[in-house]
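The block underneath contains the structure these notes are about, expressed in structure tokens.
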Amino acid sequence: MPRRKAAPPAEDQSAESAPHLAFDPAEFSARLAHWFKHNARDLPWRNIRDPYATWLSEIMLQQTRVATVIERYVEFLERFPTVTALAEAEEADVLALWSGLGYYRRARMLHRGAQFVLREFDGKLPRTSHELRTLPGVGDYTAAAIASIAFRERIAAIDGNVERVINRVLGWPEDRSTKARAALQQVAQSLVPPLLSPRSKANPPGDHNQAMMELGATVCTPRSPLCLQCPVVEFCQTRGEHITAPRAKQKSRTVAYLLAIRKRGTSTEVLLHKRDAQQSLMANMLELPPLPMEAVAEREPTLRLRHSITDTSYYVQIFTESAPGVPPHHDPDVIDEYHDELVVATPDDHVDSSELLPQIAASAEALQWHNTKLLALLPLTGLARKALQRSGVMLVPRPTLAGLPPLE
DNA sequence: TATTCGTGGTG
DNA sequence: TCACCAAGAAT
């Protein structure tokens, strides 16, 4: 049913005043609120009273799945519990905690944002969406989300979920034009319930925004929506998937990296390349040294993996060169033994007969040996992290036991 | 306004 | 397997 060319909504839908709806907005939001009260997931950033934590959660959640964010959010808050702590941190340390989450600009903006808040707002987040919008990395959605959730402002937060829910309810096709977005914004705003009374501790606007997103994430899903479980199905024109625009086609590329290992005294080191600060992609982050494809022609990689970045699939080949005695590749099941083995290293072993080392497509200043035991503290790219873990050089983090039932 | 930013789960 | 796309923002 989807996959058709989008048509603009009718003219009268973009009116400036409150849009005419085929149902009562108060009834809609009441149904939604009741559903949310009984179906809200228990997430770490819910029921907290720290605007900084709400801010952090909203930045992390940008284009990132809830399940992915949960652990990182807790870890980040422990390391940087306040605006001040974050503002005073080194960017590399912030990036290290963000490693693997992607969209690293978010981490840099958040870091700069904390410094901005410390300087301009005395370390306390501004309380209005208008002022929040001035923070680096905070756009319309995030400003509205923080203002409504942390400060109970009556403003609609419109993310991909909300957009999809409203389009389906009204039977509108996907349309990202300015006019269509303004129309959708009007509708979204008209659905946000007001505060009950100045004395009530409840937060109808914040709960409503979260409920709309929750509905989109768990019921009104992009494909195969669960309309039988939907609290607002009776208001819905579509009751199923709506018309969406076609996506860009996926490209693919083959790339190669060097995994060079050496020993220094009792420690083992791996060679990493620091990406240039001017790079638009993952600036200042550490990766495995890149190899030109010509250098590895005819060679068989020690490890192959696939890694996709937005609309490009990378077929990644890893070529290992290591000091004598260091296994080039290990079974992930024996990682602990492998590390024990590496600690008992032969002094002064080094990669002296390397063929690929001189072929690295990077300047020597950007290359540095790093102790494998400290890799978790470094701002590694997701791909580097994945390659280092799969090859047994970097310890795979233990799954957390929090939230699991106790052992009998 | 259209692109560019990462990564991983999912059907 | 593979296309899809997630609590968007900046440029």
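What you see is a predicted model; the values in this text were computed from it and never measured. So you know, we letter chains A, B, ... as the sequences are listed, proteins then strands, and number each from 1.
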Listed by chain and number, what are the ring pair (Phe, Tyr, Trp, His ring centres under 6.0 Å) partners of Trp45(A), not counting sequence neighbours?
Tyr73(A)
What is the distance, to the nearest angstrom, from the CD1 atom on Ile166(A) to the C1' atom on dA7(C)?
14 Å
Applying side chain to side chain contact (heavy atoms under 4.5 Å, CB included) to Asn161(A) and Arg164(A), what does each step give before you reach the verdict?
CA-CA 5 Å; Asn161(A) 287 311; Arg164(A) 182 174 59 253; 2.8 Å; yes
With sugar-phosphate meaning primed atoms plus P, OP1 and OP2, does Leu101(A) contact a base, only sugar-phosphate, or nothing at under 4.0 Å between heavy atoms?
base
Nucleotide nearest Arg133(A) when distance is taken to its side chain, options dA7(C), dA10(C), dC5(C):
dA10(C)
What residues form a ring pair (Phe, Tyr, Trp, His ring centres under 6.0 Å) with Tyr52(A), not counting sequence neighbours?
none
Given side chains that start at C-beta, do those of Val296(A) and Pro301(A) come closer than 4.5 Å, heavy atoms only?
no
Any idea how Phe116(A) and Phe121(A) line up, ring-wise: parallel (<30°), tilted (30 to 60°), or perpendicular (>60°)?
perpendicular
Rounded to whole Å, CG of Leu215(A) lies from P of dA6(C) at a distance of 15 Å
Quick one: list whatever passes ring pair (Phe, Tyr, Trp, His ring centres under 6.0 Å) with His130(A), sequence neighbours left out.
none
Residues at least two apart in sequence or cross-chain that pass side-chain hydrogen bond (donor to acceptor under 3.5 Å, both in side chains) with Arg112(A), listed by chain then number, are none
Give Trp45(A) one of three labels, base, sugar-phosphate or nothing, depending on what nucleic acid heavy atoms sit under 4.0 Å from its own.
base
Not counting sequence neighbours, which residues clear side-chain hydrogen bond (donor to acceptor under 3.5 Å, both in side chains) with Thr68(A)? List them please.
none
At less than 4.0 Å, is any side-chain N or O atom of Ser280(A) found next to OP1 or OP2 of dC5(B)? Yes or no.
yes
Between dT4(B) atom C1' and Gln278(A) atom CD, what is the distance in whole Å?
17 Å
Might you confirm whether atom CZ of Arg239(A) has over 12 heavy atoms from other residues, nucleotides or ligands at distances under 6.0 Å?
yes
Listed nucleotide nearest any side-chain atom of Met282(A), set dA7(C), dT7(B), dC5(C)
dT7(B)
Starting from the 5' end of DNA chain B, give me the residue, Lys251(A) or Thr312(A), whose nearest nucleotide shows up first.
Lys251(A)
Within this structure, what is the CG-to-C1' distance between Leu56(A) and dG8(C), rounded to whole angstrom?
16 Å
OP1, OP2 of dA6(C) versus side-chain N and O of Arg164(A): anything below 4.0 Å?
yes
Here the ring pair (Phe, Tyr, Trp, His ring centres under 6.0 Å) pairs for residues 278-318 of chain A, sequence neighbours left out, are none
Expected list for residues 134-161 of chain A near DNA chain C, using heavy atoms below 4.0 Å, is Pro136(A), Gly137(A), Val138(A), Gly139(A), Asp140(A), Tyr141(A), Thr142(A), Asp159(A), Gly160(A), Asn161(A)
In whole Å, what separates the P atom of dT11(C) from that of dG6(B)?
14 Å
P gap between dA7(C) and dG11(B), integer Å:
14 Å
Extract from the structure each pairing of a protein N or O with an N or O of nucleotides 8-11 of chain B at less than 3.5 Å, listing the distance.
| unit_1 | atom_1 | unit_2 | atom_2 | d |
| --- | --- | --- | --- | --- |
| dG8(B) | N2 | Arg65(A) | NH1 | 2.6 |

Arg72(A) CZ to dA7(C) P, in whole Å, measures 18 Å
Among dC5(C), dA7(C), dC5(B), find the nucleotide with the atom closest to the side chain of Leu281(A).
dC5(B)
Please list, by residue number, the residues of residues 102-112 of chain A whose heavy atoms come closer than 4.0 Å to an atom of DNA chain B; answer none if no residue qualifies.
Gly102(A), Tyr103(A), Tyr104(A), Arg105(A)
Here the salt bridge (charged side-chain N to carboxylate O under 4.0 Å, His left out) pairs for residues 277-301 of chain A, sequence neighbours left out, are Arg275(A)-Glu287(A), Arg299(A)-Glu355(A), Glu300(A)-Arg304(A)
For Leu132(A) and dG8(C), what is the distance between atoms CG and P respectively, to the nearest whole Å?
17 Å
Would you kindly give the CD-to-C1' distance between Glu58(A) and dA9(C), to the nearest whole Å?
14 Å
I'd like a table of donor-acceptor pairs (distance under 3.5 Å, sequence neighbours excluded) in which one partner is a side-chain atom from residues 230-238 of chain A, with atom names and distances.
| unit_1 | atom_1 | unit_2 | atom_2 | d |
| --- | --- | --- | --- | --- |
| Glu234(A) | OE1 | Arg31(A) | NH1 | 2.6 |
| Thr238(A) | OG1 | Arg168(A) | O | 2.3 |

Shortest side-chain distance from Gln62(A), nucleotide among dA7(C), dG6(B), dA9(C):
dA9(C)
Between C1' on dT4(B) and CZ on Arg176(A), what's the gap in Å once rounded to a whole number?
14 Å
Reckon Gln63(A) has a side-chain N or O less than 4.0 Å from the OP1 or OP2 of dA6(C)?
no
Sequence neighbours excluded, every pair satisfying side chain to side chain donor-acceptor pair (under 3.5 Å) that has a member inside residues 202-220 of chain A
Arg41(A)-Glu214(A), Arg46(A)-Gln210(A), Arg46(A)-Glu214(A), Ser148(A)-Asn209(A)
